[in-house]
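Chain A is the first sequence line, chain B the second, and so forth, proteins listed ahead of strands; every chain is numbered from 1. In this text, all values refer to a predicted model and were calculated from it rather than measured experimentally.
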Protein chains: 2
Amino acid sequence: MAASATLKATTEASLTLHQRIRADIENRILSGEWPPGHRIPFEHELMAQYGCARMTVNKVIAGLAAAGLIERRRRAGSFVAQPRIHSAVLQIPDIQVEIPARGETYGYELIHCRRRLANADDPLESALADGADVLDIRCRHFAGGRPLALEERLIGLSVVPEAADADFSTVPPGTWLLNHVPWTEAEHRISALNATARMAEGLSVAKGAACLCLERRTWRANATITYVRQIFRGDLYDLVARFSPQG
Amino acid sequence: MAASATLKATTEASLTLHQRIRADIENRILSGEWPPGHRIPFEHELMAQYGCARMTVNKVIAGLAAAGLIERRRRAGSFVAQPRIHSAVLQIPDIQVEIPARGETYGYELIHCRRRLANADDPLESALADGADVLDIRCRHFAGGRPLALEERLIGLSVVPEAADADFSTVPPGTWLLNHVPWTEAEHRISALNATARMAEGLSVAKGAACLCLERRTWRANATITYVRQIFRGDLYDLVARFSPQG
DNA sequence: CGAATCTTTATGTATATACATAATGTTAGC
DNA sequence: GCTAACATTATGTATATACATAAAGATTCG
């Protein structure tokens, strides 16, 4: 076998040693060769096997642990984790970006934009503090000329005062917020509902048609920035989520 | 200021230096102090600031880059990434685990389980190779005595031959697969639809009631293991997804 | 036999060092 | 003024080393 000094040079397809070790271990797990619960070789064994330093395999395995493929237990070793299909990365696109990407023309219409005080009685507004100064926005999104989604949105003006001066007659509030509000945390809720008479009219569908409802609350440092409810036509839209070990 | 040697000891709440640096940078980003596009201090600056080695800050920043909070450019520096709210971690629970966790009793009923050959004409089966040997399973899930979801599932027997001998009259196929098939990759599709007459009967709802449809294709090494379609009562179920920087 | 103690050991964290690499900024030359 | 060559520099990868820590396993003692 080649000495460790030449190993780097003989690496296939010019991958780094780190990437090669990671891909190797990942393959063994995903192919089923190393089933859940299997104890993977100790760091010093891998180190000998790949002819490298412990720090190198340590970083690889720590990465796999962060990705959820492996669980580590001191003194005992590192084990292939139980698969947990139930966590997947969901793509929740900015509609204005997603529709053109599909090859359809995007359209937008502002229905109203009012400044007022939040009313905690309304369950929709309970996400924001009672009496908060909010912007109440209602709008529609179109794809290929047809209505795709209705949007109801509240923006907390104490957190995002600049929003009061924004012009939402041409720019959708979601797009504006993405460009004006830095990193946040968010929670989404996805459900199905039958179109009410008002929704049906706004979406050009029959009353009772199935719609996908996406609610999102976004906050920063415990202050709610925005709460949105988007109602999508069920026949025109669906969401895709993927799970793969690279995250 | 305290010398680097005493820094470790004075660490607040017994966090490691790594965690302290990470939390510090994360806070600056999430609080808006460092907006998207902002160049964070160079590694040698942070190294001086925290009185530690470059390898330490390097690992922290590499972790933040892996989490998507930071983008790194050689020679130029490290920059706060543009927020991309549209990726969030979706929890897609194993129903048998989720229902008891909600405090309701879980129920399960097998409707049928047949071995046959896949038919590529059926769009539902196009995910599996034509003519493949499959197990065709249909079942129902109950929560608190009420029907919650209908499930249609195909399992590829060439990939999971053991499934042919499994007893799905008491164990839901999803649960069985989770326990018998090691790590896989998966794609999910979420949509809303109106209950057909058959769905309505199976779910004890009115025909046309909105339902959440979750389709999942699971594979390993390019071979499809299973394809499922679960139809949930829209009034009883919804999905939750979260985005937060720790992943 | 059972509980408490000690030893062993694999992982966890941190450091100092070395060289590779890619992209920026500068300079030289036409 | 434009391009090509060069130097600079921040990140990228890898190593050898050191000590901390948690937990499994062996041992001791009541």
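Here the P atom of nucleotide D:dC19 and the NE2 atom of B:His18 are 23 Å apart, to the nearest Å. For the pair B:Arg72 CZ and D:dT9 C1', the interatomic distance rounds to 14 Å; values are reported in whole Å. If you take CD of B:Glu43 and P of D:dT11, they are 4 Å apart, rounded to a whole angstrom. The CD-P distance, from A:Glu45 to C:dT9, rounds to 13 Å in whole Å. One interatomic measurement links the two molecules: CZ of B:Arg39 to P of D:dT9, which rounds to 14 Å at whole-angstrom precision. Taking atom CE of A:Met47 as the reference point, atom P of C:dT11 lies 12 Å away to the nearest angstrom. Straight-line distance from the CD1 atom of B:Ile40 to the P atom of D:dA10: 13 Å, rounded to whole Å. Atom pair A:Phe42:CZ and C:dA10:P shows a separation of 5 Å (rounding to whole Å applied).
With D:dA10, D:dG12, C:dA10 as the candidates, the nucleotide lying closest to the side chain of B:Arg54 is D:dG12. When distances are taken from the side chain of A:Met55 to each of C:dA14, D:dA14, C:dT21, the shortest belongs to C:dA14. Distance from the side chain of A:Ala53 is smallest for D:dA16 among the nucleotides C:dA14, C:dT11, D:dA16. Distance from the side chain of B:Leu17 is smallest to C:dT15 among D:dG12, C:dG12, C:dT15. Nearest to the side chain of A:Cys52, among D:dT15, D:dT13, D:dT11, sits D:dT15. Side-chain atoms of A:Thr56 lie closest to D:dT15 of the nucleotides D:dT11, C:dT11, D:dT15.
With sequence neighbours excluded, the residues satisfying ring pair (Phe, Tyr, Trp, His ring centres under 6.0 Å) with B:Trp183 are A:Phe243. Contacts of B:Phe142 classified as side chain to side chain contact (heavy atoms under 4.5 Å, CB included), with partners at least two apart in sequence or in another chain: B:Glu109, B:Arg140, B:Pro147. In this structure A:Arg72 satisfies the salt bridge (Lys or Arg N to Asp or Glu O under 4.0 Å) test together with A:Glu43, sequence neighbours excluded. B:Glu98 pairs by the side chain to side chain contact (heavy atoms under 4.5 Å, CB included) definition with B:Pro93, not counting sequence neighbours.
Separating the SG atom in B:Cys213 from the CZ atom in B:Phe232 is a distance of 9.5 Å, to the nearest 0.5 Å.
Annotation: cation-pi geometry satisfied between A:Arg39 and A:Phe42 (NZ/CZ under 6.0 angstrom from ring centroid, within 45° of ring axis).
Between B:Arg75 and C:dT21 there is no side-chain N or O to OP1 or OP2 distance below 4.0 Å. The side chain of B:Ser78 places no N or O atom within less than 4.0 Å of a non-bridging phosphate oxygen (OP1 or OP2) of D:dA10.
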Sequence neighbours left out, cut at 3.5 Å: what donor-acceptor pairs do the side chains of residues 159-167 of chain B make with other protein atoms?
residue	atom	partner	partner atom	Å
B:Asp167	OD1	B:Ser169	N	3.1
B:Asp167	OD1	B:Ser169	OG	2.6
B:Asp167	OD2	B:Ser169	OG	3.2

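Only at 4.0 angstrom or more do the heavy atoms of residues 58-65 of chain A sit from any atom of DNA chain D, so none qualifies.
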